[in-house]
Amino acid sequence: MNDTVHVELGARSYDIQIGPGLIGETGRLLRPYLDRARVAVITDENVAALHLENIINSLEQQEISVSTLILPAGEGTKSWPHFTHSVDWLLEEQIERNDMVIALGGGVIGDLAGFAAAVLRRGVRFVQVPTSLLAQVDSSVGGKTGINSRHGKNLIGAFHQPALVVADTDALRTLPERDFLAGNGEVMKYGLLGDYNFFQWLEEHSLSFLSRDPDTLAIAVRRSCEIKAAIVARDETEQGDRALLNLGHTFCHALEAATGYSERLLHGEGVAIGCALAFEVSARMGLCSQEDPSRLRAYLHNMKMKSQLSDIPSNLPSSERLIQLMHQDKKVRDGQIHFVMARGIGQAFVTPDVDLDIVRQVLDEQLADKS
Ligand code: GLY
């Protein structure tokens, strides 16, 4: 049984199909979208080992011919060399304006293949087939595509909406534990930013979530996508409300930069720690009750997720340096950091009025716990 979440964007509207076994249904789901029976799949070597044969079989059953590009796995792939290689490969494969590119993989592949599709012949259509939890609930939805620069993460890119998203929840059962838990940083973010009941549901279903019960996963992915779809429909290019999706991300981006975008801290882990910091600062500023950050930390602890700076291995820079790194975030306007703060669980808002002394104090306390 699969669910459909619709992203309403006028001529750029699309569906997100969510359910078990959908990679094996990709050919059938995709067939009505194709002008000619020809697709190009971009994936990475880890995902290829698990899912490539399945997707190729499903496409070939529909008599769709498939070319495949397998890239190295890891964040380093989101870079100019792999990007130019991918675009040149799509041209060599004679992928035309009305053909379809399939991004099969996690956030790195989705962002890179989506950006390649955005610039190829000034824009060809593409389908996201996200295989990580983070990609299913966040990066495959909403049309942000791009690569990293030596100046920072995601600094080069384009908004290019997919024609379809196929989220196979069975793929989540093959993820390494650390990646799965990191992806939950983005799932719980949706409850924290705008849906108290969803956060409460996540608390109540922590055991079935941890055991990756198929129904629990399908509900969590669907609710996350519904919340994201509604926000993207209101604000496709992040002129306003979409910034709410950055809850925890100002802290996260500084911590990712401080740890060199390495295995020391996965993006979703940084989001979880960042959300806990955002709630702690909100409570100290008198915006929400102290119970809210305590409740969030208890949830993260129950889920065996990272919740504070001491959970990041080895040294971190000073609070001053972390705040400096926050100033390099994309969300800085006129030199002012725009934080996402909260008036309570499910009640986030964006503000430039954050007391940096409180931010420094919270960071210093957690840095002291580390040493
Ligand atoms: N990941 C945040 C956004 O899509 O806007």
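Predicted model, so just to flag it, every value in this text is computed and none were measured. Both counts, for ligands and for their atoms, begin at 1 and track the order of listing.
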Practice item. Record the part of Val232 in heavy-atom contact with ligand 1 below 4.0 Å; permitted values are side chain, backbone, both and neither. Key: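 Neither; nothing of Val232 gets under 4.0 Å from ligand 1.
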The residue among Lys228, Gln136, His267 that forms side-chain hydrogen bond (donor to acceptor under 3.5 Å, both in side chains) with Glu186 is His267
The option among Leu245, Asp138, Leu134 carrying the non-hydrogen atom nearest to atom 1 (N) of ligand 1 is Asp138
### Message
Are any of the N/O atoms on Lys228, whether in the backbone or the side chain, positioned under 3.5 angstrom from an N/O atom of ligand 1?
### Response
yes
Could you tell me whether Lys144 and ligand 1 have an N or O pair separated by under 3.5 Å? yes
Honestly, is Arg223 close enough over Tyr190, meaning NZ or CZ under 6.0 Å from the six-membered ring centre and within 45° of the axis?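 Judged by the rule (NZ or CZ under 6.0 Å from the ring centre, within 45° of its axis), Arg223 is not positioned above Tyr190.
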Cation-pi, Tyr33 ring and Arg125 (6.0 angstrom, 45 degrees):
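Geometry flag: not set, cation outside 6.0 Å or 45°.
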Side-chain polar contacts of residues 83-92 - donor-acceptor pairs under 3.5 angstrom, sequence neighbours left out - could you list them?
from, atom 1, to, atom 2, distance (Å)
Thr84, OG1, Trp80, O, 3.1
Thr84, OG1, Pro81, O, 3.1
Ser86, OG, His82, O, 2.7

